Peer 1: 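Encoded as structure tokens, here's the structure I'll be asking about.
As the structure is a computational prediction, the values presented were derived from the model and not from experiment. Letters A, B, ... mirror the listed sequences (proteins, then strands); counts begin at 1.
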Amino acid sequence: MSSVVPLQDLNLCPVSSTPSTSTAADAATDTALRVPKLEPVDPSFATYLPQQQLQLQEPTQDALFSDSTPELPLDLQNAPPPQIPDQDSLYSEFHRVSELFRAALNGDIEVVDPDSRAIVPVSSEENAIVVPRPAARKKAFTRSGELVRVTDMSMKDQLLFRDVVRRTRMVYDVIRIQAVVEEERRRGENLGRRARGDLRAASLMRERGLWLNRDKRIVGSIPGVQIGDMFFFRMELCVVGLHGQPQAGIDYVPISQSSNGEPIATSIIVSGGYEDDEDAGDAIVYTGHGGQDKLSRQCEHQKLEGGNLAMERSMHYGIEVRVIRGFRYEGCIGHKVYVYDGLYKILDCWFDVGKSGFGVYKYKLLRIEGQPELGSAILKFAQSLRTNLLATRPSGYVSLDISNKKENVAVLLFNDIDNDHDPLYYEYLVGTVFPPHAFNQTSNGTGCDCVSGCIESSDSCLCAMKNGGEFAYDQNGILLKGKPVIFECGPCCACPPSCRNRVTQKGLRSRLEVFRSRETGWGVRSLDLIQAGAFICEYTGVVLTREQAHIFTMNGDSLIYPNRFSERWAEWGDLSQIYSDYARPSYPSIPPLDFAMDVSRMRNVACYMSHSSSPNVMVQCVFYDHNNVMFPHLMLFAMENIPPLRELSLDYGVADEWTGKLAICN
DNA sequence: GATTCTTCATAGAG
DNA sequence: CCTCTATGAAGAAT
């Protein structure tokens, strides 16, 4: 069970800032010692929790946002008083998300605390006439200043919050990408400033009350955000609640909202914006803000105010700070990536003369021990692997390409824990082998005739029509929306290979590595950062019809049954609840998958992926070389940003004790 | 409350 | 590569 530790009484008991090697949990205990009035966890919370979990057991994207979603009432000041008991001690973010789901699932909308930005009923007439006043909105959207620390998360809680965060980020990403696509479609291919999808997504989600963790100011880790998680935009950090400032480097509770009149820092971004920073990973010397001109040149002395004072106060009270690092990163959208690196203690603070000759405040931070490995260090390590593999990791590589150049990117085989070389003994299968009659359909001859490339705005592209009048991918090959099936352009199309509607047929793009682990046997990870919605690889095998599978002599568990994969694509990209006027085209569907795949002799990377009930990879059915709806390609896409060297996982859709991978590969 | 100020963004142009 | 500029949004301060 989770509990919330209020920090509001911290002014009563200042604490000397001794260097600490404690963990976050220890830190909570420290606070408990310091704060005489530690509020007990609300008993009602205990009964609340299981209910919450029940609510979330069958979450669908549709359920997340009901049609009757959230228009805020015009005048929040006159709104009825909150009906929520014990609002102070309840972890209200938990509550708010629960209410979203409850309302969406039952259609039964309750009045909830308007300050929590949960669903509030509004009559339809009001809704129709009124444009909400900005002022009213502003008030409703302000962040709380109440400091809490979330401790004692059970495994169930962690999975729950992980899922909430994952889906929130998925919505953010999809709005962001679609905003850019729409903007381009509207303007045609004309020049002009590109739409800021990152801003658009954030503001839209803000209107809908979908920003997380605004009801409390969380000290320490954010539920559902893991060390090493990667983000491409500062606004996304705001949406998740990891760092609430869209530009500023220090996030803090301001004096005006602080219970004791002192500002308290909760998170910082280390992004190289100040020349006096010194970043050694576990230890950081961080520069305060201020004193810069418009060109980011230090031109005057910094003052001990705002975030600078907040940092000093956090040090004084021994409050840990989240650290997010920003890097330039080629090959990703925006060319910048932000990595959550965990919690740091502020050990020291002093006023120093910076390189510019002007005075700056400096803060010595040390990473709290006992946390998972530094995400940014892994990123750098992976970068080094990509440029100089064997120098970086001299031993452990069993093969530098198990595909034998069949894939356009080498697939590595790594094992540094035992002598198992198993994956070497299978023939590498780049594409699924379908039975010959799969290609004998009359519909095979259909393709589009967009000689100069497919443009979906024109009605002439047959392939766009087949996909419900739109393409499945953006210009970077990112999946916009999961569908029962996707038709890419194929050999019968007149469009060039550069056509936007050809993605999975081009094969691997990221450097994958099959690796041996003590926990999960063989697994798969990537040396490259994989963006959410990106194509990863096909799940290949030799297709057997039901009859063939039946007479097949082998043990049935060694076959892959594609209809068992859980249909995660349905969670990806459905925004019909965000845009109320969103026209949902009717997508073609296909009959239930009725074939098995033999991977006993020929296989590719995919079958080494581990099973997870909260996977980061999903299956999407795709056609490109034939149109026989009985036999789609099983294409794997990233469901979230997958950091380099993090294990890929699939929901095989079976009971946890049965994993396809284990049955097949071990 | 409304307005001003600040800010370790972003995208594109030169 | 770099440097510069326009646009932008949130939150803190006033």
Peer 1: For A/Ala248 and for A/Asp198, locate the closest nucleotide of DNA chain B by heavy-atom distance; then report the residue assigned to the nucleotide nearer the 5' terminus.
Peer 2: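 Taking each residue's closest nucleotide, the earlier one in sequence belongs to A/Ala248.
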Peer 1: Would you compute the distance between atom CD1 of A/Ile177 and atom CD1 of A/Ile478 and round it to the nearest 0.5 angstrom?
Peer 2: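 These two atoms lie 6.0 Å from each other.
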Peer 1: Verify the contact: side-chain N or O of A/Tyr252 to OP1 or OP2 of C/dG11, cut-off strictly under 4.0 Å; return yes or no.
Peer 2: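 Looking at the OP1 and OP2 atoms of C/dG11, neither is under 4.0 Å from any side-chain N or O of A/Tyr252.
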Peer 1: When you check the phosphate oxygens OP1 and OP2 of C/dA12, does a side-chain N or O of A/Gln257 lie under 4.0 Å from one of them?
Peer 2: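 Checking A/Gln257 against C/dA12: at least one side-chain N or O falls below 4.0 Å of OP1 or OP2.
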Peer 1: Starting at atom NE2 of A/His335, determine the distance to atom P of B/dG12, rounded to an integer number of angstrom.
Peer 2: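 Taking NE2 of A/His335 and P of B/dG12, I get 10 Å after rounding.
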Peer 1: When you get a sec, tell me which of B/dC8, C/dA13, B/dA9 is the closest nucleotide to the side chain of A/Ile255?
Peer 2: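 Per side-chain heavy atoms of A/Ile255, the pick is C/dA13.
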Peer 1: Could you verify whether a donor N or O on one side chain and an acceptor N or O on the other, from A/Ser144 and A/Asp215, lie under 3.5 Å apart?
Peer 2: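 A/Asp215 and A/Ser144 do not have a side-chain donor-acceptor pair below 3.5 Å.
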Peer 1: Taking atom C1' of C/dT14 as reference, at what distance in whole Å does atom CD of A/Glu305 sit?
Peer 2: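 The answer, rounded to whole Å, is 12 Å.
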Peer 1: Do the side-chain N and O atoms of A/Glu640 and A/Asn616 include a donor-acceptor pair separated by under 3.5 angstrom?
Peer 2: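 Their side chains do not contain a donor-acceptor pair, so the 3.5 Å distance test is not met.
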Peer 1: Roughly, in whole Å, what's the span from CG in A/Leu237 to P in C/dG11?
Peer 2: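 Answer to the nearest Å: 13 Å.
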Peer 1: Using a strict 4.0 Å threshold on nitrogen-to-oxygen distance, state whether A/Asp229 and A/Arg166 make a salt bridge.
Peer 2: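 No, no charged N to carboxylate O under 4.0 Å.
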Peer 1: Nearest to the A/Leu295 side chain among C/dA10, C/dT5, B/dT7, which nucleotide is it?
Peer 2: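 Shortest atom-to-atom distance from the side chain points to C/dT5.
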Peer 1: Using the closest heavy atom to pick a nucleotide of DNA chain C for each, name whichever of A/Gln245 or A/Glu330 lands nearer the 5' end.
Peer 2: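 Going by which nucleotide is closer to the 5' end, it is A/Glu330.
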Peer 1: Checking contacts here: which listed nucleotide (B/dA9, C/dA10, C/dA13) is nearest the side-chain heavy atoms of A/Lys336?
Peer 2: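 Out of B/dA9, C/dA10, C/dA13, the nucleotide with an atom closest to A/Lys336's side chain is B/dA9.
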Peer 1: Just compare C/dA10, B/dC8, B/dA9 and give me whichever is closest to any side-chain atom of A/Tyr338.
Peer 2: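 Within the option list, the nearest is B/dA9.
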Peer 1: For A/Glu312 and A/Tyr361, which I'm curious about, is there any donor-acceptor pair between the side chains at under 3.5 Å?
Peer 2: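 Checked: A/Glu312/A/Tyr361 side chains show no N/O donor-acceptor pair below 3.5 Å.
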Peer 1: Hunt down any stem DNA chain B takes part in, defined as 3 or more consecutive Watson-Crick or G-U pairs whose two distances are each under 3.5 Å.
Peer 2: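 The stems that DNA chain B takes part in, listed by first number, are B:2-7 with C:9-14, B:9-14 with C:2-7.
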Peer 1: So what does A/Arg176 hit on the nucleic acid, given a heavy-atom distance under 4.0 Å: a base, only sugar-phosphate, or nothing?
Peer 2: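 A/Arg176: no heavy atom of the nucleic acid under 4.0 Å.
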Peer 1: Measure the distance from CD on A/Glu262 to P on C/dA13 and round it to the nearest whole Å.
Peer 2: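 That distance rounds to 13 Å.
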Peer 1: I want to confirm an ordering. Mapping A/Gly306 and A/Pro246 to their closest nucleotides on DNA chain C, which one lands closer to the 5' end?
Peer 2: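 Looking at DNA chain C, the more 5' nearest nucleotide goes with A/Pro246.
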Peer 1: With a cut-off of less than 4.0 Å, is there a side-chain N or O of A/Ser296 near OP1 or OP2 of B/dC8?
Peer 2: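 No.
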Peer 1: How long is the line joining CZ of A/Arg200 and P of B/dA11, in whole Å?
Peer 2: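 About 16 Å, once rounded to whole Å.
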Peer 1: For A/Glu207 and C/dA10, what is the distance between atoms CD and C1' respectively, to the nearest whole Å?
Peer 2: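 One finds 15 Å between C1' of C/dA10 and CD of A/Glu207, rounded.
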Peer 1: Any salt bridge linking A/Arg176 with A/Glu236? Criterion: basic side-chain nitrogen under 4.0 Å from a carboxylate oxygen.
Peer 2: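 No salt bridge links A/Arg176 with A/Glu236.
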Peer 1: Out of B/dA9, C/dA12, C/dC4, which nucleotide sits closest to the side chain of A/Arg297?
Peer 2: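 So the side chain of A/Arg297 is nearest to C/dC4.
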Peer 1: Applying a 4.0 Å non-hydrogen cut-off, can you work out what A/Gly326 is touching in the nucleic acid: base, sugar-phosphate, or nothing?
Peer 2: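 Touches nothing.
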Peer 1: Could you check how far CE of A/Met205 sits from C1' of C/dA9, rounded to whole Å?
Peer 2: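 For the pair A/Met205 CE and C/dA9 C1', the rounded distance is 16 Å.
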Peer 1: Please determine, for the side chain of A/Trp211, which listed nucleotide (B/dT10, C/dG11, B/dC8) has the closest atom?
Peer 2: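 Nearest nucleotide to the side chain: C/dG11.
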Peer 1: If you only use heavy atoms from C-beta on, which nucleotide in B/dT10, B/dC8, C/dA9 is closest to the side chain of A/Asp277?
Peer 2: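 Minimum distance to the A/Asp277 side chain belongs to B/dC8.
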Peer 1: Are A/Phe637 and A/Phe535 an aromatic pair by the rule of ring centers under 6.0 Å?
Peer 2: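 Yes; A/Phe535 has its ring centre under 6.0 Å from that of A/Phe637.
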Peer 1: May I have the distance from A/Leu304 (atom CG) to C/dA13 (atom C1'), rounded to whole angstrom?
Peer 2: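 Those two atoms, CG and C1', are 16 Å apart.
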Peer 1: Have a look at A/Gly307 and say if it touches a base, only the backbone sugar-phosphate, or nothing, with a 4.0 Å heavy-atom cut-off.
Peer 2: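 Result for A/Gly307 = nothing.
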Peer 1: In plain terms, say whether A/Asp474 and A/Lys481 are close enough for a salt bridge, that is, a side-chain N and a carboxylate O under 4.0 Å apart.
Peer 2: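 No, A/Asp474 and A/Lys481 are not salt-bridged.
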Peer 1: Among C/dA10, C/dT7, B/dC8, which nucleotide sits nearest the side chain of A/Met235?
Peer 2: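 My answer, after comparing the listed nucleotides, is C/dA10.
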Peer 1: Just to confirm, is there a sub-4.0 Å distance from OP1 or OP2 of B/dG12 to any side-chain nitrogen or oxygen of A/Arg196?
Peer 2: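 No.
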Peer 1: Salt-bridge test for A/Lys355 and A/Glu275: reply yes if a basic N is under 4.0 Å from a carboxylate O, no otherwise.
Peer 2: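 A/Glu275 and A/Lys355: not salt-bridged.
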